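Have a look at the structure below, then the notes.
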2 protein chains.
Amino acid sequence: MNSRKEVSEAVIRRLPKYLRCLGELKSKKVLRISSKELSERMSLTASQIRQDLSCFGEFGQQGYGYNIEYLNESISKILGTYNGFKVIVIGAGNMGTAITKSDRIKNRGFNVVGIFDNNKDLIGTTIGNIKIQHIDKVKEFIKSNKIDIAALTIPKEQTEKIAEKMVTYGIKGLWNFSAIELKLPEHIAIENVHLSDSIMVLGYKINNE
Amino acid sequence: MNSRKEVSEAVIRRLPKYLRCLGELKSKKVLRISSKELSERMSLTASQIRQDLSCFGEFGQQGYGYNIEYLNESISKILGTYNGFKVIVIGAGNMGTAITKSDRIKNRGFNVVGIFDNNKDLIGTTIGNIKIQHIDKVKEFIKSNKIDIAALTIPKEQTEKIAEKMVTYGIKGLWNFSAIELKLPEHIAIENVHLSDSIMVLGYKINNE
DNA sequence: TAGATTGTTAATCGATTAACAATC
DNA sequence: TAGATTGTTAATCGATTAACAATC
């Protein structure tokens with residue numbers, strides 16, 4: 001959509017945080033906010049907020065600030081929450097189940113519409129109201145349902161191979177929960193959630209702060 | 001331990017990635033590697049690797065490179081994987097279960113030794129071989145078992161209150177899975193895993209790359 | 001209109017990259 | 001010893017912060 005100058009990763013990763021803050025304000029029926037006020041709530045600088053937002057357009061008004069409803073909508077759009085992205089989960093373990101059941105993810109507009117596993121005992125059982133299907137069915141399912149995203153919650157040994165298959169089946173983005181770096185064609189979006197990396201960073205922080 | 005100059009967050013977050021790469025090399029029985037080779041494997045610059053490592057000490061040798069075993073050990077230490085950190089999980093849902101069962105996390109030296117919930121139906125049942133206890137027991141448990149880390153996998157409405165309690169009970173670090181920013185005393189280490197933020201970043205990438 | 005606050009340009013700060021003397 | 005490669009200092013690049021004219 002907006003491909004002005006290439007927005008930095010740091011800016012992108014702040015957008016969901018803005019969204020959370022704006023959501024709170026909205027629920028408190030606050031109508032407008034200045035970059036200054038917002039910066040205090042979020043422990044950022046006002047300058048950074050204005051700079052960040054200006055990557056995507058002009059959302060404020062001099063002398064007034066930002067309309068919360070409008071800014072919330074705008075950032076939501078940028079993050080694709082109105083795209084109706086369809087998600088499948090590969091791997092019906094605890095992580096796959098957690099994602100499938102997550103209201104939070106659903107509320108942000110990412111809809112889990114299929115779950116796949118290779119364990120025959122699980123096939124046909126349901127998570128939420130979604131039936132677990134055999135992984136052999138995934139190719140057909142992706143094509144006929146125009147799936148956008150695959151969440152990979154499978155053992156790391158299998159992840160690379162499955163990821164490559166997903167690409168050939170036409171998936172646009174991979175949400176990877178295995179502790180490996182996927183090397184895939186440029187046009188495939190990848191987002192990693194490396195829990196073991198995360199807890200080690202916590203370990204570092206405990207020792208050093 | 002090593003509190004030289006204050007190492008930047010970016011450097012810290014690369015450490016687990018180094019560790020993963022070194023682990024692979026180790027399993028391939030490779031004994032040594034130069035920053036150049038390592039940089040190619042990891043899609044970084046050799047300069048950055050040397051700069052990163054130099055924040056923590058001198059691990060290499062001119063003309064030789066880095067001993068993989070030694071570097072692996074050194075980074076592991078920096079990340080606290082030898083500290084025998086004890087972890088409790090608050091919330092025995094799917095996320096809590098996933099963490100508890102994770103071999104990866106255990107292999108990195110973070111030991112889940114207790115799980116707590118407020119759902120009476122769950123009390124006494126086990127995950128792995130750990131009994132779920134009522135949350136009323138958590139204070140006593142933390143003190144008598146010298147727990148370091150609490151993983152918070154509970155609904156976001158309850159997270160702030162529980163987090164504050166954890167602090168008073170003497171927890172050193174919080175691994176927070178709720179989509180809120182915790183404001184706690186400086187000396188408490190916090191690491192957030194915001195899955196909904198993560199999938200929105202993926203949504204952005206799909207639209208823009 | 002006067003005050004407030006934006007979007008943007010310029011200045012600063014920090015992180016990454018390049019270069020190289022030290023040394024294994 | 002000669003070649004390789006480190007750790008570190010200097011240069012560059014990018015991100016954050018400050019300043020301010022534009023304008024609601």
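Side chains are part of it too, since the values below use all heavy atoms of this structure and drop only hydrogens, waters and symmetry mates. Here the structure is a predicted model, which means the values were calculated and not measured.
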### Message
Checking base pairs now: Watson-Crick or wobble, both atom distances under 3.5 Å. What partners D:dA21?
### Response
C:dT6

### Query
Quick one: which of D:dT17, D:dT6, D:dA15 gets closest to the side chain of A:Ser8?
D:dA15

### Query
Has B:Arg32 got its NZ or CZ under 6.0 Å from the middle of the six-membered ring of B:Tyr66, at an angle within 45 degrees of the ring axis?
no

### Query
Taking only side-chain nitrogens and oxygens of B:Ser35, does any of them come within less than 4.0 Å of OP1 or OP2 of D:dT6?
yes

### Which nucleotide in D:dT16, C:dT17, D:dT5 has an atom nearest any side-chain atom of B:Arg32
D:dT5

### Under-4.0 Å side-chain N/O to phosphate OP1/OP2 contact, A:Gln61 with D:dC24
no

### Task
State, with a plain yes or no, whether a side-chain heavy atom of A:Ser178 is found less than 4.5 Å away from one of A:His194.
no

### Message
Looking at B:Asn145 and B:Ile147, would you say the former's side chain and the latter's main chain have a donor-acceptor pair under 3.5 Å?
### Response
no

#### Entry: For A:Phe85, the option from B:Ile206, B:Ile199, B:Leu202 that meets side chain to side chain contact (heavy atoms under 4.5 Å, CB included)
B:Ile206

### Message
Is there a side-chain contact between B:Tyr66 and the phosphate of D:dG7, meaning an N or O under 4.0 Å from OP1 or OP2?
### Response
yes

### Message
Which nucleotide wins on minimum distance to the side chain of A:Gln62, given the candidates C:dT17, D:dT16, C:dT5?
### Response
C:dT5

#### Entry: Mate of C:dT12 where both pairing distances stay under 3.5 Å, Watson-Crick or G-U
D:dA15

## Note on the structure
Exactly one candidate in B:Asp103, B:Ile105, B:Thr97 meets side chain to side chain contact (heavy atoms under 4.5 Å, CB included) with B:Lys101; the answer is B:Thr97

## Note on the structure
From CZ of A:Phe59 across to C1' of D:dC24 the rounded distance in Å is 18 Å

Could you pull out the protein-nucleic contacts involving nucleotides 8-11 of chain C (nitrogen or oxygen on both sides, under 3.5 Å)?
residue, atom, partner, partner atom, Å
C:dT9, O4, A:Gln51, NE2, 3.1

### Query
From B:Ile135 CD1 over to B:Phe116 CZ, what is the distance, rounded to the nearest 0.5 angstrom?
7.0 Å

### Query
Whole Å only: how far is the CD atom of B:Gln48 from the C1' atom of D:dC13?
13 Å

